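Each remark here refers to the structure printed beneath this line.
What you see below is based on every heavy atom in this structure, not just the backbone, and it leaves out hydrogens, waters and symmetry mates. Here is how names work: the chains are called A, B, and so on, in the same order as the sequence lines, proteins then strands, and each is numbered from 1. It should be emphasised that the depicted structure is a prediction, and the values quoted were computed from it without experimental measurement.
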Amino acid sequence: MTSHASYRPVPAHVDLPVLEREILDLWADQGTFAASLDTPQNAPRWTFYEGPPTANGTPGTHHVEARVFKDVFPRFKTMQGYHVDRKAGWDCHGLPVEIAVEKELGFNGKPDIEAYGIAEFNAKCREAVVRNVDLFEEMTDRMGYWVDMAHPYRTMEPAYVESVWWALSTIFKKGLLTEDFRVAPYCPRCGTTLSDHELAQGYETITDPSVYVRFPLTSGPLAGRASMLVWTTTPWTLVSNTAVAVNPEFTYVLATDGTETLLVAESLVGKALGEGWTLTGESFAGTEMERWTYDRPFSLIEFPAPAHFVVLADYVTAEDGTGLVHQSPAFGADDMEVCKAYDLPVVNPIRPDGHFEDDVPLVGGQFFKTADRVLADDLAARGLMFNELAYEHSYPHCWRCHTPLMYYALPAWYIRTTAVKDRLLAENEGTSWFPETIKNGRYGDWLHNNIDWSLSRSRYWGTPLPIWRNDVDPSQVVCIESLAELSSLTGRDLSDLDPHRPYIDEITFEVDGQPGTYRRVPDVIDAWFDSGSMPFAQWGYPHAPGSKEKFEQAYPAQYICEAIDQTRGWFYSLMAVGTLVFDQSSYENVVCLGHILAEDGKKMSKHLGNILLPMPLMDEHGADALRWFMACSGSPWAPRRIGHTALSEIVRKVLLTYWNTTAFHVLYAGANEWTPADPAPAFADRPAMDRWILGEAHRLTQQVTDALEEFDTQRAGSLIAAYVDLLSNWYVRRSRRRFWSGDASALATLHETLHLVTLLMAPLTPFITERVWQDLFAATSDELPRSVHLATWPVADASLVDDDLDRQMRLARRVVELGRAARAEAKAKTRQPLRRAVVGSQAYALLSEELRAEIAEELNVRALESFETTGDLVDHSAKGNFRNLGKRFGKQTPVVAAAIAAADAGRLASELSGTGTATVEVDGETVSVGSDDVIIAEHPREGWSVVNDQGETVALDLELDDDLRRAGFAREAIRVIQEARKSSGLDVSDRITLTWSAEGPMAEALRAHTELIADEVLATTITEGAETATFTDDDLGLAFSLAKA
RNA sequence: GGGCGUAUAGCUCAGCUUGGUUAGAGCGCUUCCCUGAUAAGGAAGAGGUCCCAGGUUCAAGUCCUGGUACGCCCA
């Protein structure tokens, strides 16, 4: 049953933030979000994965960006009838959390943590995570991001951890989880290695001492009479110098300054030595130098085996330095490889905390970076320093604590992602990236350069590596996949064990028939593996009851979205884990956003004081405005600046224009007691204006749908904004009189139009559209859903889209634009009616009678005519249409165009309008041209106000007679009376009585047009001769008073 | 050092895929107009070496090559 209820009142003025709070309450009361998930059993699924924010620190405006996109498309797809699960998630583990807690407790490194107690420390980490989640939830709710925060996945939950274990054990069984001793970037403060993608985030430009050091040769042909010149930017590694590498392909030469002789690579002589050096003429191939011995620069530590000779290595380059490269295998991946090949010892005088062992002379106990200075000074004092320069370069730092990293040899667990590199590339090939360039650019490059995933972390707050090792036979290793498996191995029920350190560390077991006890490898894993596991771990797959079904119907995801910094973060870990475990990437479409910058174009930072926090922004401008900005202002793929100006413009231009159109509609529907249930004329029977605006609404529906299917919110937004502008400032403006009179066609048309627009805007601006839905649609129909977000996405009716009518309407608007310009040019006020406006004959012919009337009324002229009927008033001009001519004439184009311009335009015009073709002379030849090749403009000759532009011309007849003048006065009078009505606080439908007094032409005008005026100002009586005028207009010589009738 | 992106009005940005006549919008500024919904709307004006240099083409903001600046990423 359809009710005949009328609209709820819609105030013209609205406080959007207040409106939004009310809508939030409405959604909470009605359980709207839950209802949107209550789809039919057979509803197709559209899967979205929430990339978990690190629940560390407070949410910033940049968090709103991705969360807008994570909301818009699920809402859109839900309206299209899909079931879209949206499970919130929180990334709980990892170094960021540990660092924050350390800071809070005033700690400075791992010893402090161990003294405090791992159990207590991890409890603090858990607390910190829970605390920060609250702030994110508040922001998420306020911005209208519908995601299930009541049942989030949290990477620290036991079920989640067990899922991650299962994935790791799957990878282990494939032989892809292995331990290796490798040189890896290592943070001495945090006491852990960093993965490649963490490393990527911490490069900083710093200045290091760059030293050129003499290494005196002690064997070979140059023994005792020359030194090798060796360059390094890490003097601290010279303490453990083990060898010097030369490139076997290079030639090395001797150079002298008269006092000493140095050996360097031929191509680097000038760069390394500078002025004043001459070659002795002796040279050596790199291969000849193998195993020459030398005096090492420092004799501070013992070497357990012979060392300190020249080795050969292909990786030595001639770009920097001297072509002779110092080797210290504990501190360089290349060094390690080369030295291993020569069976050289790996000597490491530095403790895991980054300090030299206490018993090392000179630098004992010093931090490795600090030691640079002492060591350089010592080299200089002993005459070994050839040159020292400040060297500015980009050096990796810990991305959290900014400590310079060491490359450090440590045992570590790796996932051999290089073994599945081809699969990753193939999966990426099948993935749609938005923008497309990321796929084979930034991300594709990254995959091509894939290296093994350094997984283990010597830390505390993370998913424990589920590997137990036999303490008697370390080659015996077990990787468990669940607490259940651990229970069966230990023979104890461990199902309630907190699978975190230190509790898990205490679990040991023995295996029958094997000596020794299995103890857990103490590492935790990279938190990126946690987040990359969310497609299955969010359901506790495969252990939790029901998780298999949930997982299988939601893998892979159709859609994920994060900012561009996640290319090497979550986008990678998600694809890598999916491919490693299931041999299939976990997402099909990925939207990759640019970063949000402050209004000054810089990153927001406390330091610069340019931070805009999301909650205050939404309290001031509203969440809809912020959402619109994120989705529709500028390109989401590019970095964008956000500021108050941009947001208030969105409010004024888009949101309030839409709002006011609905308020207008409700006002006159109410005034005329119209309801949507009233019978509406058939579409074909409606005026052109109505058929046009409704047809364009259907065109908009198609275009917005297409744009959103391509994840192009910017295009959707600009289409909607343009339509809303046309609706308000052309359709409603031109149709006002019909609304005043309660015209059923106009009211039905605007109702239907607003219905479409409201649906189309709903995913982008869910609050204001919900308010409108409640007041205009839910209130008037029992058949419609109780929320716009439960409504069905509209399907465009192509049969209502009329291209020809749209072309006419564009032309009409164009003519009006030129007509207004002509009025301004002539200083002829719009209120003064004119006899006629004249347009080009072509334009006139294209316009229907209805549209000519619209134009005449809008321009306040009595008639619209064509130059054809104004006879010899008109001159013509002609010019070539290059776009067409170019296709036909190629190189001859400019000549033909010149010939057209030079021809008699009047003749061309008549030939073209007669036969459709005309001829011009080009280089003595006659060339035939058609209407499309020539642009003809018409110009009136005298006494007219004329504007012509781009081939269109509008002229106004400025001659006035008494009748026109009186009509002008009458309209002036109407205008001031309307203003008086408004300032008296009258309602638009209130009737009035009017008394007036005036003299001369104004009095004549009022007498002549009494009926018109009464009609316009809703006067029941008009009396001449006001004794006590409440309103006077001296310019018009008019005094009047009015009273509510 | 390498990769990617960006560069158009005082500001924020479209346009570049598919070359075409006088390069657009909004904000801001000046003047005027319109208003029976509007916090709105309209017209005109001022404001542009479309980053630079070559090239292709009848024709380049648009395509190609090289460079500069800035940003992000990598080493």
Side-chain angles (χ1 to χ4, degrees), chain A residues 10-14 196 199-201 203 317 319-320 393-394 396 435 437-438 440-446 449 564-565 567-568 594-595 597 599 601-603 633-635 637-643 645-646 648-653 655-668 671 714 718 721-722 725 728-730 732-733 736-737 739-740 816-825 827-831 858 860 879-887 889-897 935 947 949-951 974-975 977-979 981-982 986-990 1016-1018:
Chain A
V10 173
H13 293 267
V14 62
D196 207 39
L199 185 69
Q201 297 180 48
Y203 274 83
T317 72
E319 275 171 21
D320 284 308
H393 62 155
S394 155
T437 49
I438 308 283
N440 293 314
R442 194 173 276 218
Y443 188 74
D445 288 347
W446 160 254
N449 297 318
I564 191 161
D565 51 282
T567 26
R568 285 151 173 84
H595 283 129
L597 304 175
E599 202 154 22
K602 300 192 170 119
K603 252 188 205 171
S633 289
S635 169
W637 322 137
R640 290 175 295 166
R641 303 177 179 199
I642 189 168
T645 327
S648 61
E649 197 179 321
I650 288 165
V651 170
R652 286 188 292 112
K653 290 275 189 191
L655 302 179
L656 290 183
T657 306
Y658 164 72
W659 179 262
N660 283 318
T661 305
T662 68
F664 171 89
H665 177 63
V666 169
L667 180 64
Y668 287 104
Q714 183 191 18
S718 60
D725 183 66
S728 170
N729 293 317
W730 180 248
V732 170
R733 176 188 167 84
R736 276 180 295 191
R737 285 177 181 276
F739 286 95
W740 300 343
V816 165
E817 185 186 334
L818 295 177
R820 285 172 181 153
R823 271 193 176 270
E825 183 81 8
K827 300 206 187 311
K829 289 176 136 190
T830 310
R831 257 175 258 140
E858 180 65 23
N860 195 19
K879 59 179 175 175
N881 180 354
F882 278 78
R883 195 189 276 272
N884 269 321
L885 294 177
K887 283 181 196 132
F889 296 105
K891 284 196 182 196
Q892 293 301 307
T893 306
V895 192
V896 178
I935 297 166
V947 169
D949 188 58
Q950 303 273 342
I974 289 166
R975 162 77 188 139
I977 296 164
Q978 297 291 24
E979 241 167 44
R981 280 184 60 111
K982 199 171 189 180
L986 293 176
D987 196 80
V988 291
S989 54
D990 286 340
E1016 291 286 311
V1017 304
L1018 304 184

Got a list of protein N/O to nucleotides 3-8 of chain B N/O distances below 3.5 Å?
from	atom 1	to	atom 2	distance (Å)
G3(B)	O2'	D445(A)	OD2	2.9

Sugar-phosphate only, base, or nothing, as touched by V651(A) at under 4.0 Å among non-hydrogen atoms: nothing
Any donor-acceptor pair, under 3.5 Å, between the side chain of S728(A) and the base of A37(B), if you only look at N and O atoms? yes
In whole Å, measure the gap between the C1' atoms of C4(B) and U12(B) for me. 24 Å
Categorize N881(A) for me: base, sugar-phosphate, or nothing, with a 4.0 angstrom heavy-atom threshold over every strand shown. base
Is there a side-chain contact between R820(A) and the phosphate of A43(B), meaning an N or O under 4.0 Å from OP1 or OP2? no
When we call it a touch if two heavy atoms are under 4.0 Å apart, what does L1018(A) touch: a base, just sugar-phosphate, or nothing? base
Its dot-bracket string being built from Watson-Crick and G-U pairs below 3.5 Å, with | for another strand and [ ] for crossing, RNA chain B has the pattern (((((((..((((......[...)))).(((((.......))))).....(((((..]....)))))))))))).
Without decimals, in angstroms, what is the distance between F664(A) CZ and A39(B) C1'? 17 Å
Any side-chain N or O of K887(A) below 4.0 angstrom from OP1/OP2 of G19(B)? no
Walking RNA chain B from its 5' end, the first of A828(A) and P894(A) to be reached, judged by nearest nucleotide, is A828(A)
List the atom of G880(A), the atom of L885(A), and the distance in Å for their closest heavy-atom pair. CA-CD1, 3.7 Å
With P as the reference atom in both, quote the distance from G3(B) to A46(B) in angstrom, rounded to an integer. 45 Å
Rounded to whole Å, CZ of R981(A) lies from P of U35(B) at a distance of 15 Å
I want to verify a distance call: between C73(B), C33(B), G36(B), whose nearest atom is closest to the V988(A) side chain? G36(B)
Can you measure L656(A) atom CG to G41(B) atom C1' for me and round it to whole angstrom units? 14 Å
Side chain of Q714(A): nearest nucleotide among C27(B), G20(B), A14(B)? A14(B)
I'd like the C1' distance from U68(B) over to C52(B), given in whole Å. 7 Å
Give a yes/no answer on whether the side chain of Y668(A) brings an N or O atom under 4.0 Å of OP1 or OP2 in G36(B). no
Heavy-atom side-chain contact between V14(A) and L655(A) under 4.5 Å: no
What's the separation between atom NZ in K887(A) and atom CG in N881(A), rounded to the nearest 0.5 Å? 8.5 Å
Kindly determine whether R737(A) and E1016(A) satisfy salt bridge (charged side-chain N to carboxylate O under 4.0 Å, His left out), including the steps that lead there. CA-CA 10 Å; R737(A) 285 177 181 276; E1016(A) 291 286 311; 2.6 Å; yes
Closest to the K982(A) side chain, choosing from U38(B), U22(B), A43(B): U38(B)
Kindly point out which of C58(B), A37(B), A14(B) is positioned nearest to the side chain of A12(A)? A37(B)
With a 3.5 Å distance limit and no angle check, can you tell me whether R736(A) reaches the backbone of R733(A) through a side-chain donor-acceptor pair? yes
Atom CZ of R737(A) and atom C1' of C34(B) are separated, to the nearest Å, by 14 Å
Find the distance between CG (N729(A)) and OG1 (T661(A)) and round it off to the nearest 0.5 Å. 8.0 Å
How many Å lie between CD1 on I642(A) and C1' on C27(B), as a whole number? 16 Å
Rounded to whole Å, how long is the line connecting atom CZ of F889(A) with atom C1' of G20(B)? 15 Å
Distance in angstrom units between R883(A) CZ and U22(B) P, rounded: 13 Å
Under 4.0 angstrom, heavy atoms only, what part of the nucleic acid is G594(A) near: base, sugar-phosphate, or nothing? nothing
Please measure how far the C1' atom in C16(B) lies from the corresponding atom in A7(B), and state the result in whole Å. 13 Å
What is the nucleic acid contact for H13(A), judged by heavy atoms within less than 4.0 Å: base, sugar-phosphate only, or nothing? base
Aromatic ring pairing H665(A)/F739(A), orientation class (parallel under 30°, perpendicular over 60°, tilted between): perpendicular
If only side-chain N and O atoms of R975(A) are considered, is one of them under 4.0 Å from the OP1 or OP2 phosphate oxygen of G36(B)? yes
Quick note, A821(A) side chain, CB onward, closest among C33(B), A37(B), A44(B) is A44(B)
Within a strict 4.5 Å, meaning less than it, do heavy atoms of the P11(A) and W659(A) side chains meet? yes
Between the CH2 atom in W740(A) and the OG atom in S989(A), the distance rounded to the nearest 0.5 Å is 13.0 Å
Taking atom types as they are modelled, would you say the side chain of Q978(A) forms a donor-acceptor pair with the base of G36(B) within the 3.5 Å cutoff? yes
Nearest-Å distance once atom C1' is located in both G66(B) and G10(B): 32 Å
If we ignore hydrogens and angles and just use 3.5 Å, is the side chain of S728(A) paired with the main-chain N or O of D725(A) as donor and acceptor? no
Does some side-chain heavy atom of V732(A) sit less than 4.5 Å from a side-chain heavy atom of F664(A)? yes
Could you work out the separation of U17(B) and C29(B) based on their P atoms and round it to a whole Å? 36 Å
Please determine whether a side-chain nitrogen or oxygen atom of K653(A) lies at a distance below 4.0 Å from atom OP1 or OP2 of C27(B). yes
Check: R981(A) side chain, D990(A) main-chain N or O, donor-acceptor pair, under 3.5 Å: yes
G42(B) phosphate, OP1 or OP2, under 4.0 Å from R733(A) side-chain N/O: no
Within the 4.0 Å heavy-atom criterion, would you say V816(A) contacts the bases, only the backbone, or no part of the nucleic acid? nothing
Taking the P atom in each of G28(B) and A40(B), what is the distance between them to the nearest angstrom? 8 Å
Using the closest heavy atom to pick a nucleotide of RNA chain B for each, name whichever of N729(A) or G890(A) lands nearer the 5' end. N729(A)
Say you pick atom C1' in U21(B) and the same atom in G67(B); how far apart are they, in whole Å? 32 Å
Taking C-beta and beyond as the side chain, do V988(A) and L1018(A) meet within less than 4.5 Å on heavy atoms? no
Does R652(A) make a side-chain N or O approach to OP1 or OP2 of A40(B) shorter than 4.0 Å? yes
Could you give the CD-to-P distance, from E817(A) to C34(B), as a whole number of Å? 18 Å
Between U21(B), U35(B), A37(B), which nucleotide gets closest to the side-chain atoms of L667(A)? A37(B)
